[in-house]
Amino acid sequence: MLRIFYSEGILSCKSANLVKIYKSFCGFSHNSWTQNSMFVDRGQILGVDYDATDYISRLRECTFKKSIGEVKRIHYEMKSSGFDYLSFGNKLIDAYLKCGGIDEARNVFDEMPRRHIVTWNSLISAYIHSHRNEEALELYQKMLPEGVIPDEFTFSSVLKVFLNMGLPHEGRKAHGRLICLGLEVKNVFVGSALVNMYSSFGNLKNARLVLDQIVQKDVVLFTSLIVGCTQNGEDSEALEVFVNMINEGIKANEFTVASVLIASGNLAALCTGKVIHGMMIKFGFESVVASQTSLLTMYSKCGMADDSMKVFSQVVNPNLVTWTAVIAGLVQNSREAHALEMFCRMIRSSVNPNAFTISTVLRACSGLTALQEGNQIHAHTIKTGLDVSRFVVSALLDFYGKCGTIEMAKCIFDSLNEPDIVSINSMIYGYAQNGLGHEAIGLFDQITDWGLQPNETSFVCVLSACTNCGLLEEGKRIFSFLCSNSICGPTRDHYACMIDLLGRAGRLKEAEHLITQVKQPDLVLWRTLLSACKIHGDVEITKRAEKVVRENELVDEGTCVLISNIYASTGNWHEADKMKALMRQMKFKKGPGLSRVEVKWEKHNLVAGQESCLR
DNA sequence: GTAGGGTTAG
């Protein structure tokens, strides 16, 4: 073994020169020596070692082959031959990490007396990619006490830890440290990580401030903010940021396009969506699966189910997400039967559903009250273990509640160790739909026992239960609780429930008074009141409601039919005729009423005016 | 030798 160490005196020597000196000394040919086998740190040559050449080239081979076993063998050889392998610990760690041996890498790391910043960063990054946030944080917190100052590489990855662990305060502290180190505005990688962290914590203002300060902005930085906006429901702002990016001369890529398509879909902005579709074609992202998925979602959210299907038909290899997106799009557009067909096609093409897919397909079953299909899907979730997913649970509760098999819903609900608020809401709504008002109220009152708070939906569900079961006093109690607490104010839906409850109970004047408390009452509220007028034959309030609805140009087909029916049922034929004339004038045509039932696993549509095949 | 952004669901 030939070993030469240089420490003092030669540090100012250029590494290339040293290589030349070394080569001439050993008589090596030009190709047999690489700089990798020298102890070089930031341009300073600490030493060279003959054996290292061999070890390093073998380690490099392992990283290509991803063979952790081979890395372990080399590690053992280095150690047992008495070789100073810890001086090459960074190479060994690098090889271990590239082969997925994170714990082995950590062991080497812990043995090393001095570690290079790159080694720290590599290990932190590997921990984050393996979702081992606690260990990444522990390492980051050890850096300063060990005299290692985190750099821009450290921050660009470690900020994600604060996000993943829900530590906004720590994230802000790290941002402060970045400012102290003067790294804040210089590095666009750090900028994107900060934008991502702030927007995921719901702090769009800070995300925007960070973006504005970055000197050399790039497409990733802008995309981070666009995504942040869409995830915080600020879709218009997402589109504004996109326009700013284009104006700054930065070209969109497939990531950006996918994000702005989501924003367009959420806004149901078909024209914008089409422009972006055009850009997709122009830039050549037309065949990127994720972009295609966003595109078809945009079309379905804009109500263009056929266009969505057309996009889907052009996807060469639809993945699970694409299949789920197209199924969800069909459900959103009330094409549940088609959605189930597509689900079957998905299964036939050997794509296995996940919790997203199952909850979507269960929604289709709920819409069709397709008990048999839903049961099959439930069985599938038990077999595959997907039944523990909270999304699947709430979809199952909705499904069984909707199909009238409330015992099944209760059975699932009771089996939950820790129900979340969405499952509880689904169960309350299930009770509401099945006329079990007291059970619904009982469960609502129990929410705080689980250490949870009722949310907006909880109130809608429990008030619906009161309405369906005619529980006026209980409904009033819950509504006044809603108005007095600070969890959420009454929304339009809450008013609608309350107006419905009062109206059905014959308290029409109180219901009418409640509408006047709403800032801009919409047609849903007026129709709720009118429905109550129909039950109780109240022509006086009908006339007042009709006047407001027509003055505010809120009137639609269903409302006209409702008003006309109220007049007809109370013998006000003249008023009823006037309403029908208005409908003709507005070219409204009433479609036949339709009910769907399932008898002995057979589905039947019962259409008003048509003879039924059911006897 | 180490770093940042995208597709589906209640």
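Each chain gets a letter, A, B and so on, in the order its sequence line appears, and its residues count up from 1.
- Remark: T297(A) is not in phosphate contact with dT7(B), judged by side-chain N or O atoms under 4.0 Å from OP1 or OP2.
- The cationic atom of K91(A) (NZ for Lys, CZ for Arg) does not lie both less than 6.0 Å from the six-membered ring centre of Y55(A) and within 45° of the ring axis.
- With a 4.5 Å cut-off on side-chain heavy atoms, I412(A) and L397(A) count as touching.
- Nearest to the side chain of N187(A), among dA3(B), dT7(B), dG4(B), sits dA3(B).
- Taking atom CD1 of residue I226(A) and atom C1' of nucleotide dT7(B), one finds them 15 Å apart after rounding to whole Å.
- For R106(A) and dT2(B), the CZ to P distance is 20 Å, given to the nearest whole Å.
- Under the 3.5 Å distance criterion, the side-chain polar atoms of S300(A) are matched with a main-chain donor or acceptor of L296(A).
- Between K98(A) and dG1(B), a side-chain N or O to OP1/OP2 separation shorter than 4.0 Å is absent.
- Between the CG atom of L139(A) and the P atom of dA3(B) there is a distance of 15 Å, given to the nearest Å.
- If you take CZ of F64(A) and C1' of dG1(B), they are 13 Å apart, rounded to a whole angstrom.
- A donor N or O paired with an acceptor N or O is not found under 3.5 Å between the base of dG6(B) and the side-chain atoms of N253(A).
- Protein atom CD1 of I262(A) is 4 Å distant from nucleotide atom P of dT7(B), rounded to whole Å.
- The side chain of A328(A) lies closest to dA9(B) when the candidates are dT7(B), dG5(B), dA9(B).
- Picking from dT7(B), dA9(B), dG10(B) the nucleotide with the shortest atom distance to the side chain of T293(A) gives dT7(B).
- In terms of phosphate contacts, Q332(A) brings no side-chain nitrogen or oxygen within less than 4.0 Å of OP1 or OP2 of dT8(B).
- The side chain of A325(A) lies closest to dT8(B) when the candidates are dT8(B), dG6(B), dA3(B).
- Within 3.5 Å, a donor on the side chain of S291(A) pairs with an acceptor on the base of dG6(B), or the reverse.
- Considering only the side chain of H116(A), dG1(B) comes nearest among dA9(B), dG1(B), dG5(B).
- Comparing dT8(B), dG10(B), dG5(B) by their closest approach to the side chain of F391(A) singles out dG10(B).
- The nearest whole Å value for the distance from the CE atom in M342(A) to the P atom in dT8(B) is 17 Å.
- No donor-acceptor pair closer than 3.5 Å links the side chain of D151(A) to the backbone N or O of I117(A).
- Look at H129(A) and you won't find any side-chain N or O under 4.0 angstrom from OP1 or OP2 of dT2(B).
- Within residues 412-430 of chain A, the residues approaching DNA chain B are D420(A), V422(A), by heavy-atom distance under 4.0 Å.
- Atom CG in L123(A) sits about 18 Å away from atom P in dG1(B), given to the nearest Å.
- Checking the phosphate oxygens (OP1, OP2) of dG10(B), a side-chain nitrogen or oxygen of R363(A) falls inside 4.0 Å.
- Without hydrogens or angle criteria, S394(A) side chain to R390(A) main chain gives a donor-acceptor distance under 3.5 Å.
- Nearest to the side-chain atoms of F356(A) among the listed nucleotides dG1(B), dG5(B), dA9(B) stands dA9(B).
- Among the nucleotides dT8(B), dG6(B), dG1(B), the one closest to the side chain of T324(A) is dT8(B).
- Taking a centre distance below 5.5 Å and an interplanar angle below 30 degrees as the stacking criterion, F255(A) stacks against the six-membered base ring of dG5(B).
- Judged by the 6.0 Å distance and 45° axis criteria, R363(A) is not positioned over the aromatic ring of F399(A).
- Listed for the N333(A) side chain is a donor-acceptor partner under 3.5 Å among the backbone atoms of G329(A).
- In this structure, H129(A) contributes its side chain and S125(A) its backbone to a donor-acceptor pair below 3.5 Å.
- Residue S125(A) places its side chain closer to dT2(B) than to any other of dA9(B), dT2(B), dG10(B).
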